[in-house]
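Worksheet: the structure to be examined is printed underneath.
The basis for the numbers below is simple: all heavy atoms, side chains too, and nothing from hydrogens, waters or symmetry mates. Naming: A, B, ... by sequence-line order, numbering from 1 per chain.
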Protein chains: 2
Amino acid sequence: MGRHISPCENMAGEGCGLKRVLDLIGGKWKILILCVIYAEGTVRYGELRRRVYGITNTMLAHSLREMERDGLVERHQFDEMPVRVEYSLTASAGSMIPILLELKRWGEEHLEHEGLPS
Amino acid sequence: MGRHISPCENMAGEGCGLKRVLDLIGGKWKILILCVIYAEGTVRYGELRRRVYGITNTMLAHSLREMERDGLVERHQFDEMPVRVEYSLTASAGSMIPILLELKRWGEEHLEHEGLPS
DNA sequence: CCGTATCCCTGGCGATACTG
DNA sequence: CAGTATCGCCAGGGATACGG
């Protein structure tokens with residue numbers, strides 16, 4: 001005893017904080033996108049697409065729209081010719097970054113990269 | 001400058017640590033299951049199903065098998081009558097828990113529960 | 001009690017083509 | 001350059017029934 005949270009604690013209940021976070025950043029791409037924007041500070045759309053390995057146009061645009069709506073990223077459009085658009089993190093998303101970087105570190109420490117064992 | 005990681009840092013590249021973690025614990029249920037097992041210390045299958053709100057039999061069993069295979073949970077079967085099975089975290093999964101709890105806290109601090117705005 | 005076996009369906013995701 | 005518009009796949013997830 002002492003190492004457990006009370007069994008009554010709402011770990012995975014209906015409106016659990018964890019579930020709500022996962023609704024925000026769940027799915028295949030959002031966490032990766034957030035981390036890349038963070039690493040770059042400010043990124044243009046095309047650069048972002050190149051940095052997030054394997055993402056398609058559709059998914060990048062779609063994910064960005066949702067994250068903008070959810071207050072995680074900011075979009076700044078410069079009406080030059082040709083048009084330039086830059087993305088950056090909101091303060092809110094910024095405060096989540098350290099957690100995501102820890103997750104990344106955990107993966108690097110605990111998971112060997114390996115191809116398929118033949 | 002100074003606040004950025006080098007642009008060359010592999011944030012979301014092909015074998016990125018982040019991607020590998022997400023392969024392990026991505027999807028709709030695994031993170032929640034891990035946190036519930038942690039909170040209980042040791043849990044029986046049925047208790048787990050009750051605690052993870054909304055999960056189905058199929059998905060719980062399936063997730064548990066994968067996580068066992070991946071070295072995240074341990075299964076202990078007691079051949080009593082009726083049979084009893086208990087799940088607990090491995091040390092490896094345990095070391096990830098603090099990160100997941102931070103994520104949960106982030107959600108609780110930054111996300112109001114709200115139904116649909118009418 | 002603790003699951004597996006099946007079947008089925010939705011929506012996340014992707015490919016391609018096209019526009020301001 | 002920075003996206004939308006469409007279409008379609010298929011794997012993740014769910015319901016139900018059954019087995020050790």
Side-chain angles (χ1 to χ4, degrees), chain A residues 12 14 16 18-34 36-37 40 42-70 72-88 116, chain B residues 12 14 16 18-34 36-37 40 42-70 72-88 116:
Chain A
E14 188 160 14
C16 169
L18 214 35
K19 246 183 182 163
R20 305 209 301 280
V21 178
L22 295 177
D23 280 346
L24 267 198
I25 60 167
K28 197 171 176 182
W29 298 112
K30 286 180 181 176
I31 290 183
L32 298 170
I33 296 170
L34 286 174
V36 169
I37 301 180
E40 306 282 329
T42 275
V43 222
R44 300 184 59 168
Y45 180 90
E47 178 72 1
L48 201 43
R49 188 176 44 192
R50 261 170 276 121
R51 289 244 182 264
V52 181
Y53 182 84
I55 200 170
T56 63
N57 228 329
T58 321
M59 287 315 295
L60 178 54
H62 182 71
S63 301
L64 285 171
R65 291 293 84 75
E66 287 191 355
M67 294 171 101
E68 193 188 359
R69 179 202 66 196
D70 293 336
L72 294 175
V73 308
E74 273 163 1
R75 195 186 104 108
H76 294 284
Q77 176 165 346
F78 302 88
D79 287 332
E80 307 166 352
M81 188 53 174
V83 59
R84 183 171 110 240
V85 177
E86 294 188 345
Y87 289 91
S88 55
L116 303 178
Chain B
E14 188 162 11
C16 170
L18 214 35
K19 249 183 182 163
R20 304 208 302 280
V21 178
L22 296 177
D23 281 345
L24 268 197
I25 58 168
K28 197 171 176 182
W29 298 111
K30 287 181 181 175
I31 289 182
L32 298 169
I33 295 170
L34 286 174
V36 168
I37 300 180
E40 305 282 329
T42 276
V43 224
R44 299 184 61 168
Y45 180 89
E47 178 74 1
L48 202 42
R49 188 176 44 192
R50 261 170 277 120
R51 289 245 182 264
V52 181
Y53 182 84
I55 199 170
T56 62
N57 229 328
T58 322
M59 287 314 296
L60 178 54
H62 183 71
S63 302
L64 285 171
R65 263 182 291 116
E66 286 190 354
M67 295 171 101
E68 193 189 357
R69 178 202 66 195
D70 293 335
L72 294 174
V73 309
E74 273 162 1
R75 194 186 105 107
H76 294 284
Q77 176 165 347
F78 301 88
D79 288 331
E80 306 165 351
M81 187 56 173
V83 61
R84 183 171 111 240
V85 176
E86 294 188 345
Y87 290 90
S88 56
L116 303 178

Of all pairs that satisfy side-chain hydrogen bond (donor to acceptor under 3.5 Å, both in side chains), the ones with a partner from residues 21-31 of chain A, not counting sequence neighbours:
A:Lys30-A:Glu66
Double-helix bend of the helix from C:dC1-D:dG20 to C:dG20-D:dC1, axes at both ends from 5 pairs, round to 10°, gives 50°
B:Tyr87 near the nucleic acid: base, sugar-phosphate alone, or nothing, with a heavy-atom cut-off under 4.0 Å?
sugar-phosphate
Nucleotide interval of DNA chain D bounded by contacts with chain A (heavy-atom cut-off, under 4.0 Å)
D:dC1 to D:dA5
A:His62 atom NE2 is separated from C:dG11 atom P, nearest whole Å, by 12 Å
With sequence neighbours excluded, residues passing side chain to side chain donor-acceptor pair (under 3.5 Å) with A:Arg84:
A:Glu80, A:Glu86
Treating primed atoms plus P, OP1 and OP2 as sugar-phosphate and everything else as base, which nucleotides of nucleotides 14-20 of chain C get B, S or - for protein heavy atoms under 4.0 Å?
SBB---B
If you define the side chain from C-beta out and look only at heavy atoms, does anything of B:Arg75 sit under 4.5 Å from B:Leu64?
no
List the residues meeting side chain to side chain donor-acceptor pair (under 3.5 Å) with B:Glu14, not counting sequence neighbours, and say none if there are none.
A:Tyr53
What's B:Arg49 touching, base or sugar-phosphate or nothing? Going by heavy atoms closer than 4.0 Å.
nothing
Give the rounded distance in Å between these two atoms: CG of B:Leu64 and C1' of C:dT4.
14 Å
Closest non-hydrogen atoms of B:Val52 and B:Val36, given as atom of the first, atom of the second and distance, are CG2-CG2, 3.9 Å
Nearest whole Å is fine: how far is C:dC1 P from B:Tyr45 OH?
12 Å
Rounded to the nearest angstrom, tell me the gap between atom CZ in B:Arg65 and atom P in C:dC2.
16 Å
Taking the side chain as every heavy atom from C-beta outward, state whether B:Met67 and B:Asp70 have any atom pair closer than 4.5 Å.
no
Can you name the nearest heavy-atom pair linking B:Ser88 to B:Thr42, along with the distance?
CB-OG1, 4.0 Å
Drop me the distance from A:Tyr87's OH to A:Leu48's CG, to the nearest 0.5 angstrom.
8.0 Å
Do the side chains of A:Arg44 and A:Glu47 get close enough for a salt bridge, i.e. N-O under 4.0 angstrom?
no
Do the side chains of B:Gln77 and B:Val83 get nearer than 4.5 Å, heavy atoms only?
yes
